[in-house]
Undergrad: 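One structure coming up, written as structure tokens, with questions to follow.
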2 protein chains.
Amino acid sequence: MKRRTGAATIAEVAAAAGVSPATVSRVMNDRFLGDASIAERVRSVAIDLAYSPSHLARSLALGQTSAIAFVVPDLANPAFQAMLSSLSKAAAKDGYRVLVADSAESPSDEPLLVSEIRRRCDAVVLCAPRMSDAELVSLAGSLRPLVLINRANDQIDAPSLSIDYRSGIQDLAQHLADLGHRHLVFIEGPEGSASNRHRVDGLDDFQRRSPGVRIDRIPGGATSEDGLAVAARVRDSGATAALAFNDLVAIGLLNGLINLGVRVPEDMSVTGFDDIPFARYTTPPLTTLSVPHEELGAQAWHRMRALVSGEKPEPNVVFHPRLEVRGSTGPAPR
Amino acid sequence: MKRRTGAATIAEVAAAAGVSPATVSRVMNDRFLGDASIAERVRSVAIDLAYSPSHLARSLALGQTSAIAFVVPDLANPAFQAMLSSLSKAAAKDGYRVLVADSAESPSDEPLLVSEIRRRCDAVVLCAPRMSDAELVSLAGSLRPLVLINRANDQIDAPSLSIDYRSGIQDLAQHLADLGHRHLVFIEGPEGSASNRHRVDGLDDFQRRSPGVRIDRIPGGATSEDGLAVAARVRDSGATAALAFNDLVAIGLLNGLINLGVRVPEDMSVTGFDDIPFARYTTPPLTTLSVPHEELGAQAWHRMRALVSGEKPEPNVVFHPRLEVRGSTGPAPR
DNA sequence: ATAGTTCGAGAAAGCGGTTTCACGCGTGGT
DNA sequence: ACCACGCGTGAAACCGCTTTCTCGAACTAT
């Protein structure tokens with residue numbers, strides 16, 4: 001096959017040190033119990049040859065790669081980036097690395113993408129998958145160890161971390177109602193997204209409880225561009241307050257409204273969802289729901305570590321986002 | 001060793017289909033030339049057994065993992081996130097995955113971290129490494145294939161993509177000078193960071209050319225917190241304009257100044273660097289230098305692909321960031 | 001009918017480690 | 001002086017896949 005990479009192999013070190021590969025392996029892994037002078041010799045030869053064990057070969061023999069995958073629907077979203085950042089940091093502390101994948105391009109191949117990436121590592125953290133429940137359930141078995149973020153499912157036996165979108169969006173609606181708004185409009189997230197569905201359900205609950213409030217819905221998306229795009233429709237909707245699917249949409253919307261001469265919050269209130277780092281810096285600062293993304297990433301790793309080491313993971317948790325009232329919401333006009 | 005993972009192996013498929021593992025391998029890789037009925041039988045057995053080749057074993061045999069590493073000094077920085085996002089997308093199109101690592105925690109082990117992660121994959125994209133030139137040069141050989149972002153070095157034979165911080169910061173300074181500012185203050189980036197050094201060099205050039213302008217320096221950092229922290233010092237510096245190391249710092253500074261009752265840009269102008277997606281949404285919108293991060297990520301992959309496939313990579317490029325004048329800069333007071 | 005090709009498919013040798021198991025040696029008990 | 005035991009070390013099997021090489025069967029040419 002003759003495909004030498006140039007790097008020294010354990011056999012070469014063994015030969016150079018006059019010992020067997022088994023001994024080199026033991027020395028390299030601090031499992032060597034014999035004569036210290038041998039260990040020393042091996043170590044020095046290893047350094048001379050710039051030997052460093054092939055992680056690949058090691059993984060194959062050991063049956064584990066010390067890597068996990070993190071799959072998100074949109075790597076460009078700060079909310080997911082925050083999770084990735086903390087997940088990666090937490091995993092690194094235990095010697096694990098994370099492999100990323102973004103299913104944005106073609107949500108329809110998400111199951112394939114996930115299966116493929118799962119085979120490259122020891123486990124997968126699936127964040128807010130867009131695939132259907134049926135697909136998710138049927139895939140879950142082959143994905144294990146698996147940690148689910150933002151997509152609890154009692155048919156799946158995997159630790160799950162989630163955010164209570166349903167009650168969260170109601171807090172937002174209540175906040176607006178308290179300010180006197182009676183006509184709200186919700187800019188929806190990506191079609192088929194579970195987290196959008198939860199928000200819609202929450203708003204339905206709310207509306208049921210508050211007959212005096214009307215809530216319209218406008219199709220939107222998950223990015224600032226989507227928010228910008230619906231600005232005119234929002235202005236013309238007759239509503240006095242807009243609930244955006246997330247902060248990104250809210251920021252785009254904010255910008256669009258301002259460009260249209262709509263004053264926020266005097267003419268119209270706007271809310272976001274996520275509390276991404278920049279929500280506090282917009283003009284006006286965005287009223288939103290604070291979701292602890294860093295915490296989610298870190299917790300995901302804790303669950304995962306338990307899983308891969310055969311322990312019983314801590315119980316699932318549902319985070320209740322905290323209402324963060326800032327300047328983008330105010331009393332209803334008139 | 002007995003560490004069966006439960007997944008079917010090629011040998012099992014071969015046995016079940018009554019052929020040799022070699023044949024199964026050929027069928028799975030579309031390299032099979034023999035009888036079509038055999039291929040069909042193998043495929044059907046593979047499906048029955050839910051067989052999927054071990055990527056690990058495959059990588060070992062093939063001598064390549066189809067994964068690359070992306071190492072940044074701070075995964076929480078939107079500028080690096082943007083590169084990661086586009087790099088990952090571009091690499092995915094060619095069947096490659098990216099492994100991330102953040103050297104923020106302990107910059108001193110950056111060389112170790114990089115070497116370690118390099119051994120897990122086929123190549124590494126090193127972004128704005130904080131390590132010294134000497135370390136970088138001595139490490140480069142063992143890292144190859146290597147693509148460098150934001151850290152050109154003619155002693156290293158690796159494609160490099162960089163941003164002309166040096167002239168960029170001068171554009172910013174010139175912009176401020178044109179507005180009548182005669183006393184500027186630069187909030188420095190992380191100590192020892194090469195990109196900070198380039199900015200400082202640029203400002204030195206500028207000052208040499210423009211004797212009427214004074215430029216002070218204040219130690220800062222690379223995050224919003226760092227910007228917030230120096231707000232008072234900036235206010236008291238006597239300068240009428242502040243150049244922040246990057247947008248994150250600028251945003252923190254903006255906020256800090258506003259909290260202190262300093263009006264931007266009436267009392268003081270503020271500039272950033274990077275043009276992260278949120279720079280346009282701050283209050284006032286941030287004047288900054290637009291760096292094409294997505295482009296950098298995509299280009300990095302193009303270079304990398306050339307490298308791993310043995311072609312000659314396209315020439316190095318130096319991106320000249322574009323001055324993006326927004327609302328955070330204005331005429332000098334008085 | 002026999003020798004020379006061609007072609008399909010399997011045996012086996014890697015890839016680079018880890019680990020079990022066995023072997024040889026020195027020690028201690030009787 | 002002999003046997004059991006312990007201990008350090010190496011041989012070899014194994015992780016799961018790819019690929020070269022080889023061999024035998026089928027097929028053409030004389």
Side-chain angles (χ1 to χ4, degrees), chain A residues 1-43 45-46 49-67 116 118-122, chain B residues 1-43 45-46 49-67 116 118-122:
Chain A
M1 218 172 312
K2 210 61 330 153
R3 171 193 323 105
R4 296 306 315 284
T5 56
T9 72
I10 200 173
E12 290 166 4
V13 174
V19 299
S20 77
T23 298
V24 176
S25 172
R26 290 193 262 253
V27 171
M28 299 304 290
N29 294 290
D30 291 324
R31 253 191 263 306
F32 185 79
L33 299 169
D35 195 47
S37 73
I38 295 184
E40 206 31 68
R41 179 152 42 95
V42 169
R43 267 188 259 275
V45 169
L49 268 50
Y51 169 71
S52 154
S54 153
H55 194 86
L56 215 50
R58 200 152 186 284
S59 296
L60 182 60
L62 255 28
Q64 67 149 43
T65 63
S66 298
E116 188 273 336
R118 169 62 183 85
R119 302 205 51 68
R120 291 169 170 261
C121 54
D122 298 341
Chain B
M1 217 173 309
K2 219 33 6 132
R3 169 190 327 99
R4 297 305 316 287
T5 54
T9 73
I10 200 173
E12 290 165 3
V13 174
V19 300
S20 77
T23 298
V24 176
S25 172
R26 291 192 261 255
V27 171
M28 299 303 291
N29 294 291
D30 291 323
R31 255 191 258 309
F32 185 78
L33 301 170
D35 193 49
S37 72
I38 294 185
E40 206 31 67
R41 178 153 40 96
V42 168
R43 265 188 261 276
V45 169
L49 269 49
Y51 170 71
S52 155
S54 152
H55 193 87
L56 213 51
R58 197 152 189 285
S59 295
L60 182 60
L62 254 29
Q64 65 147 38
T65 62
S66 298
E116 187 272 336
R118 169 62 183 85
R119 300 205 52 67
R120 290 170 171 259
C121 53
D122 298 341

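Throughout, a chain's letter reflects where its sequence line sits, starting with A, and its residues are numbered from 1.
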Undergrad: Distance check needed: C/dT18 P versus A/His55 NE2, whole Å only.
TA: 11 Å
Undergrad: Assign each of B/Pro21 and A/Ala11 to its nearest nucleotide of DNA chain C by heavy atoms, then name whichever residue's nucleotide is nearer the 5' end.
TA: B/Pro21
Undergrad: Both B/Leu33 and B/Arg119 contact DNA chain C. Which one's nearest nucleotide lies toward the 5' end?
TA: B/Leu33
Undergrad: If I take atom CG in residue A/Asn29 and atom C1' in nucleotide C/dG16, what distance separates them, rounded to the nearest angstrom?
TA: 13 Å
Undergrad: Any idea which of C/dG17, C/dG8, C/dT18 is nearest the A/Ala57 side chain?
TA: C/dG17
Undergrad: Students often get this wrong, so: under 4.0 angstrom with heavy atoms, is B/Leu56 touching a base, only sugar-phosphate, or nothing?
TA: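 Counting heavy atoms under 4.0 Å across all strands, no contact is made by B/Leu56.
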Undergrad: Rounded to the nearest 0.5 Å, what separates atom CZ in A/Arg58 from atom CE in A/Met28?
TA: 9.5 Å
Undergrad: Do the side-chain N or O atoms of B/Thr23 get closer than 4.0 angstrom to the phosphate oxygens (OP1, OP2) of C/dG10?
TA: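 Affirmative; the distance criterion is met.
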Undergrad: Out of A/Val45, A/Val13, A/Val42, which residue meets the side-chain contact (heavy atoms from CB on, under 4.5 Å) rule with A/Val19?
TA: A/Val42
Undergrad: Any N or O donor-acceptor pair linking the side chain of B/Arg26 to the base of C/dG8 at under 3.5 Å?
TA: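 Check fails, no donor-acceptor contact within cut-off.
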Undergrad: Please classify the nucleic acid contact of A/Ser25 as base, sugar-phosphate, or nothing, using heavy-atom distances under 4.0 Å.
TA: base
Undergrad: Starting at atom CD of A/Gln64, determine the distance to atom P of C/dT19, rounded to an integer number of angstrom.
TA: 10 Å
Undergrad: Between B/Ser54 and D/dG16, is there a contact of a side-chain N or O with OP1 or OP2 at under 4.0 Å?
TA: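 The answer is no; no side-chain N or O of B/Ser54 sits under 4.0 Å from OP1 or OP2.
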Undergrad: Heavy-atom nearest nucleotide on DNA chain D for B/Val24 versus A/Ala22: which residue maps closer to 5'?
TA: A/Ala22
Undergrad: Check whether any side-chain N or O of B/Arg58 sits under 4.0 Å from OP1 or OP2 of C/dC15, and answer yes or no.
TA: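 It does not, given that no N or O in the side chain of B/Arg58 lies less than 4.0 Å from OP1 or OP2 of C/dC15.
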Undergrad: Counting only side-chain heavy atoms from C-beta out, which of C/dA9, D/dC15, D/dT18 sits nearest to A/Ala61?
TA: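 The answer is D/dC15, which lies nearest to the side chain.
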Undergrad: Provide, to the nearest angstrom, the distance between the CZ atom belonging to A/Arg120 and the P atom belonging to D/dG16.
TA: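 Going from A/Arg120 (CZ) to D/dG16 (P), I get 19 Å.
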Undergrad: Could you check which of D/dT19, D/dC17, C/dC15 has an atom nearest any side-chain atom of B/Leu60?
TA: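 For the B/Leu60 side chain, the nearest candidate turns out to be C/dC15.
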Undergrad: How many Å lie between CD1 on B/Ile10 and P on D/dC15, as a whole number?
TA: 14 Å
Undergrad: Whole-Å distance between D/dC15 P and B/Glu12 CD?
TA: 10 Å
Undergrad: Would you please confirm or rule out a distance under 4.0 Å between OP1 or OP2 of C/dG16 and any side-chain N or O of A/Thr9?
TA: no
Undergrad: Distance check needed: D/dT9 C1' versus A/Asp35 CG, whole Å only.
TA: 11 Å
Undergrad: Please give, in whole Å, the distance from D/dT18 C1' to B/Tyr51 OH?
TA: 10 Å
